[in-house]
Amino acid sequence: MSDVLPIAEAIARRAGAIVREGFGHVRQVRQKGVIDLVTEFDQRSEEVIVSALQKEFPEHAILAEESGHHARTGEYQWVVDPIDGTTNFAHGIPLFAISLGLLRGKVPVAGVVYDPLHEELFSAVLGRGATLNGRPIHVSSQTHLGQALLATGFAYDIRTNPRNNLAQFAQFQLRTQGVRRLGSAALDCAWTALGRVDGYWEFGIKPWDIAAGGLLVREAGGRTTSTEGDEEFLSTGTIVVSNGLLHEQILRVLREGDAAPLPQ
Ligand code: IPD
């Protein structure tokens, strides 16, 4: 897998250059759903990534946010988000990333999250640790939920889905140092891997948002599960990442809601 990583990093950088140039120059914003946007740069970034992956790894399948499945028969599949944080990007908010995750079966085995404006390239290979711009990174050492800074996000069906995370957002806001809504799940995970935040959870999340980020957290010494605690998180549409030390406390708040203890 280590030989795959430099190729994935180079592809993420190439797509990142396109997205960086497009930042502040968006002309076409289309609504995929009521509040779900796509820009011409999502499409251009994805075309570059998909054609490069097809050239480099002709036997690998690809699942990409905008164009869907590009099937192959092999056991490996790339899961691609050409701009994770499209709403931020379309509004000129400088927080978004390119995310490339490689799965073997259902297990993430390599991942790259690239923030092109801040030139932060997060990478991980299963069993080999996680890095930021080539330097090893580690999750935080926070053990008290009451002192922890968490991140979360809200799915695009927030207006219609009763499990829209608003109740959980309020519960964590009362039980932590604070909760941030960055607008990019890939960066929520990468920042957990780096220790900028201590954890992140979300419901209704797509595999391309979290495949690379979920591995980054594990390889940085943290833990990644579904909101029910399953290690095989990708197919559940939910995620909890943390420094590991806070994981059970986060799962408890998700399980017990208002009945979970308030910090002393
Ligand atoms: C979205 C972002 C956001 C999260 C949404 C995702 P997109 O991805 O990651 O933070 O809350 O659930 O769909 O649409 O910008 O690729």
Side-chain angles (χ1 to χ4, degrees), residues 12 15-16 18-20 22-23 26 28-47 49-50 62-68 78-101 111-117 120 122 150-161 163-166 168-169 172-173 179-193 196-197 199-217 224 226-227 233-241 254:
I18 291 168
V19 172
R20 185 166 51 233
F23 184 59
V26 175
Q28 296 161 25
V29 184
R30 189 167 54 78
Q31 288 188 253
K32 289 194 281 186
V34 187
I35 54 168
D36 189 0
L37 307 178
V38 60
T39 74
E40 70 269 39
F41 294 100
D42 293 77
Q43 265 145 357
R44 280 175 57 192
S45 170
E46 183 160 311
E47 281 160 19
I49 295 168
V50 169
I62 301 171
L63 169 64
E65 178 174 10
E66 311 305 338
S67 56
W78 290 94
V79 186
V80 174
D81 196 335
I83 303 181
D84 182 55
T86 300
T87 306
N88 284 349
F89 179 77
H91 284 264
I93 296 172
L95 262 190
F96 45 84
I98 286 91
S99 178
L100 303 184
V112 174
V113 171
Y114 181 46
D115 170 348
L117 289 188
E120 290 192 329
F122 298 86
L150 299 186
T152 193
F154 300 91
Y156 292 118
D157 62 359
I158 186 171
R159 296 184 190 175
T160 52
N161 189 340
R163 204 188 187 204
N164 62 10
N165 200 23
L166 289 173
Q168 290 80 3
F169 176 73
F172 279 107
Q173 191 68 44
V179 182
R180 298 290 180 262
R181 198 292 193 240
L182 301 177
S184 165
L187 288 179
D188 292 319
C189 292
W191 287 20
T192 302
R196 278 184 189 149
V197 294
Y200 153 73
W201 86 95
E202 189 163 342
F203 305 114
I205 193 80
K206 303 288 193 237
W208 46 77
D209 298 315
I210 52 170
L215 179 65
L216 278 172
V217 173
T224 302
S226 73
T227 51
F233 65 101
L234 264 184
S235 51
T236 67
T238 71
I239 188 166
V240 177
V241 298
L254 289 170

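Positions are given from 1 along the sequence. These numbers come from a predicted model, not from an experiment. Just so you know, ligand 1 is whichever comes first in the structure, and atom 1 is the first atom listed for that ligand. All values below were derived from every heavy atom in this structure, side-chain atoms included, with hydrogens, water molecules and symmetry-related copies excluded.
Ile62 meets the side chain to side chain contact (heavy atoms under 4.5 Å, CB included) test with Val50, Leu53, Gln54, Ala64, His70, Trp78, Val80; sequence neighbours excluded. Partners of Phe96 by ring pair (Phe, Tyr, Trp, His ring centres under 6.0 Å), not counting sequence neighbours, listed by chain and number: Phe23, Phe89.
Side-chain contact between Ile158 and Asn165 is absent, with no heavy atoms from C-beta onward closer than 4.5 Å. Counting only heavy atoms from C-beta outward, the side chains of Thr238 and Glu202 never approach each other to under 4.5 Å.
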Below 3.5 Å only, please: the N or O atoms of ligand 1 paired with protein N or O atoms, distance on each line.
residue: ligand 1; atom: 8 (O); partner: Asp84; partner atom: OD1; Å: 3.0
residue: ligand 1; atom: 8 (O); partner: Asp209; partner atom: OD1; Å: 3.3
residue: ligand 1; atom: 9 (O); partner: Asp84; partner atom: OD1; Å: 2.8
residue: ligand 1; atom: 9 (O); partner: Asp84; partner atom: OD2; Å: 3.4
residue: ligand 1; atom: 9 (O); partner: Ala185; partner atom: N; Å: 2.9
residue: ligand 1; atom: 10 (O); partner: Arg181; partner atom: NH1; Å: 3.0
residue: ligand 1; atom: 10 (O); partner: Gly183; partner atom: O; Å: 3.2
residue: ligand 1; atom: 10 (O); partner: Ser184; partner atom: N; Å: 3.0
residue: ligand 1; atom: 10 (O); partner: Ala185; partner atom: N; Å: 3.4
residue: ligand 1; atom: 11 (O); partner: Phe154; partner atom: N; Å: 3.4
residue: ligand 1; atom: 11 (O); partner: Arg181; partner atom: NH1; Å: 3.0
residue: ligand 1; atom: 11 (O); partner: Arg181; partner atom: NH2; Å: 3.4
residue: ligand 1; atom: 11 (O); partner: Glu202; partner atom: OE1; Å: 3.2
residue: ligand 1; atom: 11 (O); partner: Glu202; partner atom: OE2; Å: 2.8
residue: ligand 1; atom: 12 (O); partner: Glu202; partner atom: OE2; Å: 2.5
residue: ligand 1; atom: 14 (O); partner: Tyr156; partner atom: OH; Å: 2.6
residue: ligand 1; atom: 15 (O); partner: Gly85; partner atom: N; Å: 2.7
residue: ligand 1; atom: 15 (O); partner: Thr86; partner atom: N; Å: 2.8
residue: ligand 1; atom: 16 (O); partner: Glu65; partner atom: OE1; Å: 3.1
residue: ligand 1; atom: 16 (O); partner: Asp81; partner atom: OD2; Å: 2.9
residue: ligand 1; atom: 16 (O); partner: Ile83; partner atom: O; Å: 3.3
residue: ligand 1; atom: 16 (O); partner: Asp84; partner atom: OD1; Å: 3.4

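Note on Glu66 versus Arg30: no salt bridge recorded, every NZ/NE/NH1/NH2 to OD/OE distance being 4.0 Å or above.
Residues in residues 180-191 take part in these side-chain hydrogen bond (donor to acceptor under 3.5 Å, both in side chains) pairs, two or more places apart or across chains: Asp84-Ser184.
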